[in-house]
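All residue numbers in this chain count up from 1 along the given sequence.
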Amino acid sequence: MSSNPVAVTVASLIPRAKEELTELVAFKSVADFDQFPREESEGAARWIAAALTAEGFQDVALLDTPDGTQSVYGYLPGPEGAKTVLLYAHYDVQPPLDEAGWTTPPFELTERDGRWYGRGAADCKGGVIMHLLALRALKANGGVPVNVKIVVEGSEEQGTGGLERYAEEHPDLLTADTIVIGDAGNFRAGLPTVTTTLRGMTLVRVRIDTLEGNLHSGQFGGAAPDALAALVRVLDSLRAEDGSTTVDGLTGDSAWQGIQYEEEQFRKDAKVLDGVGLIGSGTVADRIWARPAVTVLGIDCPPVVGATPSVQASARALVSLRVPPGVDAAKATELLRAHVESHTPWGARVTTEQIGQGQAFRGDPASPAYQAMADAMAVAYPGQEMQYAGQGGSIPLCNTLAALYPKAEILLIGLSEPEAQIHAVNESVSPDELERLSVAEALFLRNYAGGAA
């Protein structure tokens with residue numbers, strides 16, 4: 001790391017950062033209160049509120065958002081007439097999935113092979129710590145030169161839109177000249193990256209019914225319409241032979257113009273098994289950043305263990321559709337639902353229910369804030385030039401903020417590089433990335449305010 005005073009300060013704060021991330025990861029803050037206690041999420045929110053208060057933030061509040069979760073807000077005033085920067089992260093996390101697949105307990109931060117493992121370590125509790133480190137480093141080196149607002153969301157992973165709706169109902173709360181979303185990541189570890197596009201998403205629950213009740217497959221199978229088989233047919237219709245997404249009426253041939261993702265590197269990052277081919281057409285970057293992608297997230301059907309010889313009367317699936325910038329998520333939802341209904345075989349009864357939706361996002365790399373970040377990244381990552389990349393995931397709040405504050409510049413950075421394995425077992429964060437990105441954010445705030453790095 002450089003001898004820059006800010007960088008030296010951040011380096012000295014990393015042991016404290018590890019202790020704090022350990023405390024924060026310990027909260028099982030999955031915002032699905034049918035699976036995890038509400039108290040775990042509320043405990044994480046209180047922890048963050050206390051941390052902001054300790055750093056001198058004013059107006060610290062737990063915001064009760066319309067989806068029944070809490071977001072944390074605070075305001076740190078800067079010099080008179082200073083610009084205002086909004087820092088964003090989220091403290092809710094994905095479920096740990098199969099805990100037996102974790103090498104170490106998912107809610108215990110554990111150091112192994114130079115990385116810190118735990119659910120939320122990178123996505124996005126590490127982002128909370130990154131913001132704190134950046135501000136502490138500035139306070140130790142002349143002060144924070146901008147007004148800082150911070151908001152930490154409690155339900156981003158669920159896509160239930162609580163903070164979006166709260167922001168729309170309180171439009172003055174999050175006003176800012178620039179917004180830094182700390183929920184993205186470098187293209188690869190050690191390569192400074194700002195995310196300029198996000199795919200939008202829609203979630204649709206599909207139900208197919210064919211019979212009044214299950215039937216004995218020996219007595220009725222072969223003529224009785226099987227709801228599970230009908231559902232399989234419908235889901236198969238959403239992909240072409242090469243695996244490309246095929247939703248009737250939805251364009252899928254856009255090309256990505258920025259940094260490219262080499263296929264062998266993608267295979268390694270995605271841990272594709274030997275001999276298994278990738279799906280889709282075009283470059284990897286086209287497929288994951290510029291084109292729609294459908295994923296079957298779950299199917300309700302009898303498990304293999306305990307299954308009976310029955311023709312199924314009903315079957316359900318949860319289908320996710322990622323949509324690229326330039327495609328309206330609401331229109332994509334309509335097309336997906338129409339496709340499912342038109343491809344349901346045998347006259348089976350089908351119902352579709354939208355349960356989540358978010359628009360795609362596109363930033364403006366030509367804006368002054370991007371240059372301020374590029375200069376900061378050059379110090380934090382010596383010898384590396386900041387790259388512009390897309391991200392296949394969705395952060396619906398970005399579009400809400402862009403609509404509410406059309407003059408604000410929005411940048412996306414974060415700790416979720418490929419080795420982090422966010423949303424999977426054994427999620428981890430690189431402490432080196434945490435250190436460098438904290439330095440970059442601190443220097444960005446100074447550059448953006450008009451000071452020298």
Rounded to the nearest 0.5 Å, what separates atom CE in Met130 from atom CZ in Arg436? 14.5 Å
Interatomic distance, OG@Ser428 vs CD@Gln421, rounded to 0.5 Å, equals 6.5 Å
Derivation of the salt bridge (charged side-chain N to carboxylate O under 4.0 Å, His left out) call for Glu39 and Arg46: CA-CA 10 Å; Glu39 174 59 27; Arg46 289 193 299 270; 2.4 Å; yes
How are the rings of Tyr370 and Tyr388 set relative to one another: parallel (under 30°), tilted (30 to 60°) or perpendicular (over 60°)? tilted
Return the orientation label for the His339 and His343 ring planes: parallel under 30°, perpendicular over 60°, tilted otherwise.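 Answer is parallel, since the angle falls under 30°.
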Could you check whether any side-chain N or O of Tyr73 sits under 3.5 Å from a backbone N or O of Val152, counting only pairs where one atom can act as donor and the other as acceptor? no
Counting distance only, does the side-chain N/O of Lys125 pair as donor-acceptor with the main-chain N or O of Leu24 below 3.5 Å?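 At least one qualifying donor-acceptor pair exists.
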More than 12 heavy atoms of other residues, nucleotides or ligands under 6.0 Å from CD of Glu168: yes or no?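 Atom CD in Glu168 is packed in, count exceeds 12.
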[Y] side chain reached by [X] side chain, heavy atoms, under 4.5 Å:
| X | Y | result |
| --- | --- | --- |
| Pro66 | Tyr166 | yes |
| Leu62 | Val72 | yes |
| Leu163 | Tyr88 | yes |
| Trp289 | Ile259 | yes |

